[in-house]
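Okay, so here's the structure we're looking at.
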Amino acid sequence: MKVLVPVKRVLDYNVKARVKPDQSGVDLSNVKMSMNPFDEIAVEEAVRMQEKSVATETIAVSIGPAKAQETIRTALAMGVDRGVHVTTDEDLEPLAVAKILKAVAEAEGAELILMGKQAIDNDYGATGGMLSAMLGWPIGQYANTIETKEGALTVKREIDGGLQTVELRLPAVVTTDLRLNEPRYASLPNIMKAKRKPIEAKTPADYGVDTAPRLTVVKVTEPKTREAGVKVEDAAALVDKLKNEAGVI
Ligand code: AMP
């Protein structure tokens, strides 16, 4: 089974996002960028499948600027076989990303696409669903556990307050949730080895994909800053404030 793992380069999850003064988006100048954490989980799962000889080949694909190559190298250092870098300086919306991923999956003959449930930069959480619909493949979202069997997968999905078990016929799309696994750190020898693994350079045009935007980001704003708290004399004063000022009781 060939496994395709889409990996996105995003603002590192430890970095506090700053909104640009013109509110057009998050300021990405001089900030640490890393692989989207949910994609790291997908890479880990793909590598484990390969170690169990369930996956015959693993391919990481990233759509983005030249630096997205670093994200692919990280996946290669974790154990993925090879990469595909679809170069674009545009910040593509999920529909365009899904169209490109569909074309890559078809060109590569992938049977499983293991991807993040959402990218933590824009929080769309839309690409996996769009991709499975376009391919006509089933999708197991928010995977907590994945078991493979002949021609199918059993996926335990994280749902509100519990787990739902579904069975998917291959080919399929699976999106990862936080508890699926704990991604490994790449060892130094594997980082060195990854430098020699191949990354194929492509463009959206190579796949004949129309990436013209259908969606416009109108503005991005910072969350409201919390106001300072006040001390109240007694429970009666607290109840009064909750009732008459906050209006919550
Ligand atoms: P989103 O729908 O934008 O929240 O992204 C969901 C998932 O789609 C991510 O976790 C990635 O696996 C994949 N994805 C989104 N954008 C890209 C990209 N530019 N390159 C590669 N994979 C992507």
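Quantities reported herein were computed from a predicted structural model and do not represent experimental measurements. Ligands are counted one by one from 1 in listed order, and the atoms in each one are counted from 1 as well.
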So, are [X] and [Y] salt-bridged, with charged N and O less than 4.0 Å apart?
X: Glu57; Y: Lys2; value: yes
X: Glu147; Y: Lys149; value: no
X: Glu51; Y: Arg184; value: yes
X: Arg18; Y: Asp27; value: yes
X: Glu108; Y: Arg82; value: yes

- Task: For ligand 1, indicate whether the residue Thr175 contacts it via side chain, backbone, both or neither (heavy-atom separation under 4.0 Å).
- Result: neither

- So for Val97 against ligand 1, with non-hydrogen atoms under 4.0 Å, the contacting part is side chain

- Under 3.5 Å, is there a donor-acceptor pair between the Asp123 and Gln118 side chains? yes

- Ignoring hydrogens and angles, state whether a donor on the side chain of Thr58 or Gln50 is under 3.5 Å from an acceptor on the partner side chain. yes

- Message: Tell me whether Ile63 has any N or O atom under 3.5 angstrom from an N or O of ligand 1.
- Response: yes

- Query: Purely on distance, is any nitrogen or oxygen of Pro94 under 3.5 Å from one on ligand 1?
  - Reply: no

- Query: To the nearest 0.5 Å, what is the distance between CD (Gln141) and CG (Asp177)?
  - Reply: 10.5 Å

- Could a heavy atom of Gly128 be found less than 4.0 Å from some atom of ligand 1? no

Protein heavy-atom partner closest to [atom] - residue, atom, separation in Å:
atom: atom 3 (O) of ligand 1; result: Asn122 OD1, 3.3 Å
atom: atom 8 (O) of ligand 1; result: Met115 CE, 3.3 Å
atom: atom 22 (N) of ligand 1; result: Pro6 CB, 3.4 Å
atom: atom 7 (C) of ligand 1; result: Gly116 O, 3.4 Å
atom: atom 16 (N) of ligand 1; result: Lys8 CD, 3.4 Å
atom: atom 21 (C) of ligand 1; result: Val7 O, 3.3 Å

Could you tell me which atoms of ligand 1, counted from 1 in the order shown, lie closer than 4.0 angstrom to a heavy atom of [X]?
X: Val61; value: 21 (C)
X: Asp39; value: 9 (C), 10 (O), 11 (C), 12 (O)
X: Ala119; value: 1 (P), 3 (O), 4 (O), 5 (O), 6 (C)
X: Gly125; value: 1 (P), 2 (O), 4 (O)
X: Asn36; value: 9 (C), 10 (O)

- Note on the structure: Partner of Ile146 under side-chain contact (heavy atoms from CB on, under 4.5 Å), picked from Lys156, Arg48, Glu45, is Glu45

- Check: Ala194 main-chain N/O paired with Arg73 side-chain donor or acceptor under 3.5 Å: yes

